[in-house]
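Notes follow once the structure below has been shown.
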Amino acid sequence: MPNVRVSRSFMRRMLFLGSLPIPPDEALEIARRECERQGWSWNEPIHVSERLTSYQVMTNADATGGNAFVTIDGTTGEVRSSNLASY
């Protein structure tokens with residue numbers, strides 16, 4: 001994964017929960033497709049944050065503005081929400 005940071009959920013680690021059924025690289029691909037569907041640019045770096053039951057994917061992670069935020073259900077792979085922060 002070029003220029004992608006992945007962070008694991010602190011809560012999942014403290015509760016000794018295993019990995020989510022959807023792996024981070026699959027969540028990343030789902031988010032990329034959602035951005036493409038919305039017509040949003042896919043700018044690196046990308047940050048993938050594992051939550052308790054989902055992933056939060058943020059594009060253009062080192063900048064303020066121009067960020068796409070896509071939340072992916074970690075069990076089904078469904079897009080829960082998608083938003084674009086403009087400049």
Side-chain angles (χ1 to χ4, degrees):
M1 291 186 275
N3 209 359
V4 175
R5 293 187 307 253
V6 178
S7 60
R8 293 239 17 243
S9 167
F10 177 75
M11 185 63 87
R12 287 189 72 80
R13 284 183 281 154
M14 292 296 97
L15 294 174
F16 300 103
L17 298 173
S19 300
L20 291 168
I22 302 292
D25 57 336
E26 189 174 335
L28 183 68
E29 180 58 26
I30 293 166
R32 188 195 61 73
R33 287 194 310 261
E34 177 65 13
C35 286
E36 186 177 282
R37 187 183 75 75
Q38 296 280 358
W40 300 336
S41 59
W42 182 260
N43 298 321
E44 294 183 358
I46 309 297
H47 187 210
V48 180
S49 299
E50 181 188 66
R51 307 290 191 201
L52 192 57
T53 62
S54 64
Y55 290 101
Q56 173 77 45
V57 179
M58 176 185 180
T59 67
N60 202 22
D62 288 344
T64 302
N67 313 97
F69 295 92
V70 182
T71 303
I72 314 294
D73 186 290
T75 303
T76 65
E78 178 183 333
V79 175
R80 289 187 183 170
S81 67
S82 60
N83 302 289
L84 181 66
S86 59
Y87 293 96

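The figures that follow rest on heavy atoms only: side chains count, while hydrogens, waters and symmetry mates do not.
Rounding to the nearest 0.5 Å gives a distance of 5.5 Å between CD1 of I30 and CD1 of I22. From N60, atom CG reaches atom CG of L84 across 10.0 Å, with rounding to the nearest 0.5 Å.
Among residue pairs with one or both ends in residues 69-78, those qualifying as salt bridge (Lys or Arg N to Asp or Glu O under 4.0 Å) are D73-R80; sequence neighbours excluded. Sorted by first then second residue, the salt bridge (Lys or Arg N to Asp or Glu O under 4.0 Å) pairs that include residues 59-68, not counting sequence neighbours, are R5-D62.
Between M58 and A63, the shortest heavy-atom distance links the atoms CE-O, 4.5 Å. Nearest heavy atoms, G74 versus P21: O-CD, 3.3 Å.
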Passes side-chain contact (heavy atoms from CB on, under 4.5 Å), V6 versus E50? Steps please.
CA-CA 8 Å; V6 178; E50 181 188 66; 5.9 Å; no
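Shown here are the side-chain contact (heavy atoms from CB on, under 4.5 Å) partners of P23, two or more places apart in sequence or in another chain: D25, E26. Checked against side-chain hydrogen bond (donor to acceptor under 3.5 Å, both in side chains), Q56 has the following partners two or more places apart in sequence or in another chain: T71. With sequence neighbours excluded, no residue forms a side-chain hydrogen bond (donor to acceptor under 3.5 Å, both in side chains) with T75. By the side-chain contact (heavy atoms from CB on, under 4.5 Å) test, E29 is found to be paired with R32, R33, residues two or more places apart in sequence or in another chain being considered.
W40 has its side chain within reach of S82: a pair of non-hydrogen atoms, C-beta onward, lies under 4.5 Å apart. Counting heavy atoms from C-beta outward, I46 and N3 have side chains that stay 4.5 Å or more apart.
Side-chain atoms of Y55 never come within 3.5 Å of backbone atoms of V70 as a donor-acceptor pair (strictly under, hydrogens ignored). Checked by atom type and distance alone, the side chain of T59 never pairs as donor or acceptor with a backbone atom of W42 at under 3.5 Å. Between the side chain of N43 and the main chain of S41, no donor-acceptor pair closer than 3.5 Å is present.
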